[in-house]
Amino acid sequence: MAITDKIYIKNHQQLASQLETSFPKSAFSGATLDILFQGEGLAKLDEATQDRVLDFAEDFLDCDCQANPHCGCAERKFIGYLLELREQGMGPDAIVDVMGDDYMLYAYPGDVLSFLDNSIRTLEAAEMLADVDGHPEKADELRGVRENLAR
């Protein structure tokens, strides 16, 4: 299961009440994206919530894909966002706090920790493959990224 499947909308019940409809808690669920980012959904939200939802849309849903927002770009951009927060030295608890402040999203710190650990293991495997395949420069680059995430 991808980390984006474990990212949830903070104050979900409050938002559902404002929108006068039910929708999944998962931030990257197709139904959630449709309700929050298309049609009248945004206009029904209070100003503070609108700002956060618009920030999320600008940062993650801005792509030229015909299938937007269901193209996968938002998920890839969000994963990059999580990795950038880790590169800034934040641990799982701090990452959860920041994404809550930035976008009204939450996740369990254990899920974030598991994602970060899997990311490091994937980089480790890619680094070894680059070495075996005769690409020492790429292996060094991957090693640097991995060490930066692992600190």
Side-chain angles (χ1 to χ4, degrees), residues 1-19 21-38 41-42 45 48-131 133 135 138-151:
M1 182 177 274
I3 184 65
T4 52
D5 293 335
K6 298 176 183 180
I7 304 297
Y8 306 101
I9 303 222
K10 215 175 193 183
N11 304 326
H12 175 263
Q13 289 297 92
Q14 177 187 348
L15 291 179
S17 175
Q18 287 179 29
L19 295 170
T21 189
S22 62
F23 59 93
K25 278 183 151 183
S26 176
F28 291 93
S29 164
T32 301
L33 294 173
D34 285 343
I35 288 170
L36 289 177
F37 302 105
Q38 296 177 1
L42 194 58
L45 299 174
T49 304
Q50 279 183 6
D51 289 343
R52 298 269 176 68
V53 170
L54 286 172
D55 288 344
F56 180 88
E58 288 174 6
D59 292 347
F60 303 110
L61 299 177
D62 186 23
C63 75
D64 295 328
C65 296
Q66 192 168 10
N68 185 12
H70 308 288
C71 56
C73 290
E75 290 87 342
R76 284 187 291 280
K77 288 178 182 180
F78 193 80
I79 286 170
Y81 165 75
L82 294 176
L83 293 172
E84 285 175 19
L85 292 176
R86 178 61 190 145
E87 286 177 353
Q88 294 172 18
M90 294 183 195
D93 290 322
I95 290 172
V96 169
D97 290 343
V98 168
M99 77 172 142
D101 293 342
D102 288 349
Y103 305 110
M104 289 182 57
L105 300 176
Y106 77 93
Y108 295 103
D111 289 337
V112 174
L113 178 63
S114 179
F115 161 73
L116 294 172
D117 184 59
N118 287 337
S119 298
I120 290 168
R121 301 294 161 241
T122 300
L123 285 167
E124 200 170 55
E127 177 187 333
M128 286 187 228
L129 286 172
D131 269 334
D133 206 25
H135 299 284
K138 191 59 159 176
D140 289 341
E141 178 186 337
L142 291 166
R143 186 174 304 108
V145 172
R146 178 180 54 82
E147 288 172 352
N148 197 25
L149 284 179
R151 62 181 166 101

Residue pair [X] / [Y], side-chain heavy-atom distance below 4.5 Å:
| X | Y | result |
| --- | --- | --- |
| Asp131 | Arg143 | yes |
| Phe23 | Leu15 | yes |
| Ser119 | Arg86 | no |

Show your working on side chain to side chain contact (heavy atoms under 4.5 Å, CB included) between Arg146 and Ile120 and close with a plain yes or no. CA-CA 6 Å; Arg146 178 180 54 82; Ile120 290 168; 3.8 Å; yes
For the atom pair [atom1] ([X]) and [atom2] ([Y]), what is the distance rounded to the nearest 0.5 Å?
| X | Y | atom1 | atom2 | value |
| --- | --- | --- | --- | --- |
| Leu149 | Leu82 | CG | CG | 11.0 Å |
| Asp5 | Ser29 | CG | OG | 9.5 Å |
| Gln50 | Asp55 | CD | CG | 11.5 Å |
| Asn11 | Lys25 | CG | NZ | 10.5 Å |
| Ser22 | Gln13 | OG | CD | 9.5 Å |
| Glu124 | Leu129 | CD | CG | 11.5 Å |

message: Evaluate Leu142 against His135 for side chain to side chain contact (heavy atoms under 4.5 Å, CB included), listing each step before the verdict.
response: CA-CA 11 Å; Leu142 291 166; His135 299 284; over 6 Å; no
Nearest heavy-atom approach of Leu61 to Ala74 is CD2-CB, 3.5 Å
Shortest non-hydrogen pair, Val145 vs Glu87, comes out as CG1-OE2, 4.5 Å
Hits for side-chain hydrogen bond (donor to acceptor under 3.5 Å, both in side chains) against Asp51, two or more places apart or cross-chain, chain-then-number order -> none
>> Is it the case that over 12 heavy atoms from other parts of the model lie below 6.0 angstrom from the CG atom of Asp133?
In response: yes
Within the supplied structure, the quantity of interest is the number of heavy atoms (other residues, nucleotides, ligands) at a distance under 6.0 Å from Lys138 NZ; does it exceed 12? no
Can you give each donor-acceptor pair under 3.5 Å made by side-chain atoms of residues 95-115, sequence neighbours left out, with the distance rounded to 0.1 Å?
from	atom 1	to	atom 2	distance (Å)
Asp102	OD2	Tyr81	OH	2.8
Tyr103	OH	Asp59	OD2	2.4

Original post:
Sub-3.5 Å donor-acceptor pair from the side chain of Thr32 to the main-chain atoms of Pro24, do we have one?
Top reply: yes
message: Can a donor-acceptor pair be found, under 3.5 Å and without considering hydrogens, that links the side chain of Arg52 to the backbone of Thr49?
response: no
